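Worksheet: one structure, shown below.
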There are 2 protein chains.
Amino acid sequence: MKVLHTADWHLGKKLHGYDLLPDQAYILDQILKIAKAEAVDAIIIAGDLYDRSVPSEDSVRLLNQTLTDWNLKEKLPLLAISGNHDSATRLATGTPWFNQANFYLHTRLAEAFTPIDMGDTEFYLLPYFEPVDARIYFEDPELRTIKDAMPKVIQKIEDCFSPNKKHILVSHFFVAGSSKTDSETKIEVGGLDGINGALLENFDYVALGHLHGKDALKLPNARYSGSPLKYSLSEKDQPKGVWIVDTATNDFSFQTLTPLHEVCELQASFAELLQPEFYTNFKRDDYLSLLLEDRAVIPNLMNQLRQVYPRIIQVERANGFETSIESQLKKANIKEKSPIDLSEEFFTAVSQNELTPQQRKWIEAGMHEMLKKEAKADAS
Amino acid sequence: MKVLHTADWHLGKKLHGYDLLPDQAYILDQILKIAKAEAVDAIIIAGDLYDRSVPSEDSVRLLNQTLTDWNLKEKLPLLAISGNHDSATRLATGTPWFNQANFYLHTRLAEAFTPIDMGDTEFYLLPYFEPVDARIYFEDPELRTIKDAMPKVIQKIEDCFSPNKKHILVSHFFVAGSSKTDSETKIEVGGLDGINGALLENFDYVALGHLHGKDALKLPNARYSGSPLKYSLSEKDQPKGVWIVDTATNDFSFQTLTPLHEVCELQASFAELLQPEFYTNFKRDDYLSLLLEDRAVIPNLMNQLRQVYPRIIQVERANGFETSIESQLKKANIKEKSPIDLSEEFFTAVSQNELTPQQRKWIEAGMHEMLKKEAKADAS
């Protein structure tokens with residue numbers, strides 16, 4: 001059978017204050033299109049459906065609408081778990097009714113040990129859990145970390161294996177050695193250092209959630225799907241998409257998604273950025289991190305930039321800021337004046353008097369002597 | 001068919017700071033017992049399932065568990081709507097899957113016009129809505145209040161009536177002339193003064209939510225179920241329970257509920273309240289409003305009372321407080337002292353000296369003269 005693997009939707013997430021719900025609705029629609037084009041038999045959602053344990057009403061509306069469309073209208077079986085960003089209790093609302101429609105959403109550790117039998121495969125849906133959940137479930141006070149608990153969890157799952165089936169684990173945690181980005185909340189409650197990948201070797205495929213890059217982990221049989229959108233600037237070069245897993249061949253391939261607005265970085269001078277010849281070459285309404293080549297302080301900078309670029313997520317300086325002395329000298333136009341003019345300006349500023357012609361002559365003579373001495377010193 | 005009508009659960013509500021969830025779990029269990037004993041064919045829940053639009057996780061857990069048990073385990077059809085305390089969007093989570101199990105939970109005005117056909121009856125589930133919802137639904141900008149909208153809503157519902165069926169309306173609003181208590185949030189958005197009861201005359205029964213007293217409304221065909229618990233002191237004398245409606249005969253009878261802890265008022269003196277002979281006659285762990293007969297300030301009052309009564313919701317004075325002058329006089333034991341002793345105390349306080357024997361004699365003589373004059377004046 002063919003399964004689509006996605007995760008880390010983080011519905012309701014904001015990117016530097018920008019509401020991402022329209023981007024999220026757009027990308028979920030694209031995931032559905034891929035599922036239909038690939039004629040998948042089920043969709044895996046490996047946790048973090050919401051960005052917050054108490055999502056906004058708009059986020060609730062989007063998730064409810066999406067799951068209703070996919071499962072009840074499109075008749076797609078769904079295999080989902082809660083992640084560390086979800087409230088397991090809140091996300092569990094309605095779940096006992098979902099199963100009749102082949103929608104399985106597991107939110108408690110205990111549910112991981114009831115496989116979902118579908119086609120040639122058994123799916124084990126292991127939601128994100130806390131060490132205390134494992135201590136209670138296994139009645140073992142020694143389970144202080146997820147790392148302590150995971151061998152017991154995996155062993156208990158393997159004890160449920162039907163021998164003639166494929167076995168897919170759906171889970172949401174950090175596998176040791178994976179590479180992180182800026183937008184994942186660290187789950188290190190209880191001192192979790194990361195689960196040893198070797199623990200997962202008996203599964204035909206492990207559909208992971210939590211890390212936002214699809215290449216965060218290189219195991220032969222396990223993948224993070226990554227988030228469907230770039231949720232931080234550090235993800236700007238990550239391809240985003242979903243995995244299509246073929247359980248007959250154990251192959252998986254990545255299908256990329258095209259966002260409504262990209263997250264990217266743009267380097268240019270302030271003047272260039274405001275020139276139509278420059279900005280008509282870009283999708284100006286992307287989420288942009290601007291790298292200004294200017295070093296000067298630019299008054300009213302953000303307002304001017306936002307008139308052209310409506311979704312600026314940060315502005316940094318490619319060459320740093322002008323120093324305070326540089327800035328003062330420039331302000332006074334100092335490099336374009338002669339040493340005598342500068343002396344005269346200084347005299348006037350301090351004494352509130354003009355130089356007399358005699359005083360000016362003395363300065364000229366002194367300056368002349370000084371330059372002669374300097375020239376001599378340079379020559380020696 | 002036989003239907004049980006309840007409403008206004010307000011899960012998560014606190015009574016003067018006390019968490020009512022254990023009381024609510026207890027009373028929901030009792031409602032289920034009545035439903036089973038009466039062998040009802042369905043349960044109506046007429047809004048305000050939660051007390052807040054964002055309920056606590058514990059409240060979510062209790063509602064999820066209750067609805068799962070009643071509908072999936074006990075196979076009871078459920079007919080529910082959202083009330084003004086519920087977030088319609090949040091409460092809608094899962095609803096598209098519920099219908100397969102004969103669980104109907106309507107949260108949008110548009111859903112009111114799809115009757116639920118069950119046994120001999122059509123049920124119209126009209127959730128609480130705002131005037132703006134009616135303006136959008138009917139595309140009529142003139143609908144400024146619920147009162148404006150309701151004739152259109154009821155007309156549209158009546159247009160859906162199947163002639164050979166009974167018709168029950170489930171709704172959550174204020175019917176004009178009903179009597180209120182302290183624990184209902186006023187829904188007067190848009191100038192709602194209350195819906196005219198005559199509008200409801202074509203229904204065989206109207207199962208209402210919103211007001212907390214079962215006797216708030218006297219119409220031949222409509223009832224508020226009231227809340228299953230007393231949610232304010234003003235409800236202390238209200239019987240709490242559920243209506244059992246027989247659609248064949250159009251009869252309805254009230255079945256009372258017995259709470260885990262009552263809400264009641266107790267009048268006594270402070271000394272009595274702390275005497276075992278007194279308090280062993282009461283359920284000390286009820287939610288109590290204490291009416292103290294004492295007028296004096298009693299130091300450390302609440303701590304002393306709480307050692308005997310763990311759920312005090314308020315303490316008031318039956319006879320008011322002692323005035324400040326009364327209190328000072330009492331403190332100085334002033335009524336038990338002779339005028340001469342009081343004069344001596346005053347002299348000592350002011351001069352920091354004792355009275356000499358001669359001074360004391362002068363005072364005695366002066367006091368004697370004064371009393372003689374007073375006696376003469378009284379006699380004349």
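Since we're looking at a predicted model, the values are computed, not measured. So that the names make sense, note that chain A is the first sequence line, chain B the second, and so on, each numbered from 1. In what follows, every heavy atom counts, from backbone to side chain, and hydrogens, waters and symmetry copies are set aside.
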Seminar exercise, completed: Note: A:Trp97 and B:Asn71 closest approach over all heavy atoms is NE1-OD1, 2.6 Å
Seminar exercise, completed: Sequence neighbours excluded, the answer for side chain to side chain donor-acceptor pair (under 3.5 Å) partners of B:Thr247 is B:Asp120
For this session: For atom CZ of A:Arg311, decide whether the heavy atoms of other residues, nucleotides or ligands shown that lie under 6.0 angstrom number more than 12.
Result: yes
Problem set entry | Distance in Å, A:Thr89 OG1 paired with B:Asn64 CG, rounded so as to fall on 0.5 Å steps | 8.5 Å
Exercise. With a 4.5 angstrom heavy-atom cut-off, which part of A:Leu63 approaches chain B: side chain, backbone, both or neither?
Worked result: neither
Exercise. So among B:Val60, B:Leu91, B:Leu67, which one has a side-chain contact (heavy atoms from CB on, under 4.5 Å) with A:Thr93?
Worked result: B:Val60
Exercise. Which residues in residues 27-58 of chain B have any heavy atom lying under 4.5 Å from a heavy atom of chain A?
Worked result: B:Val54, B:Pro55, B:Ser56, B:Glu57
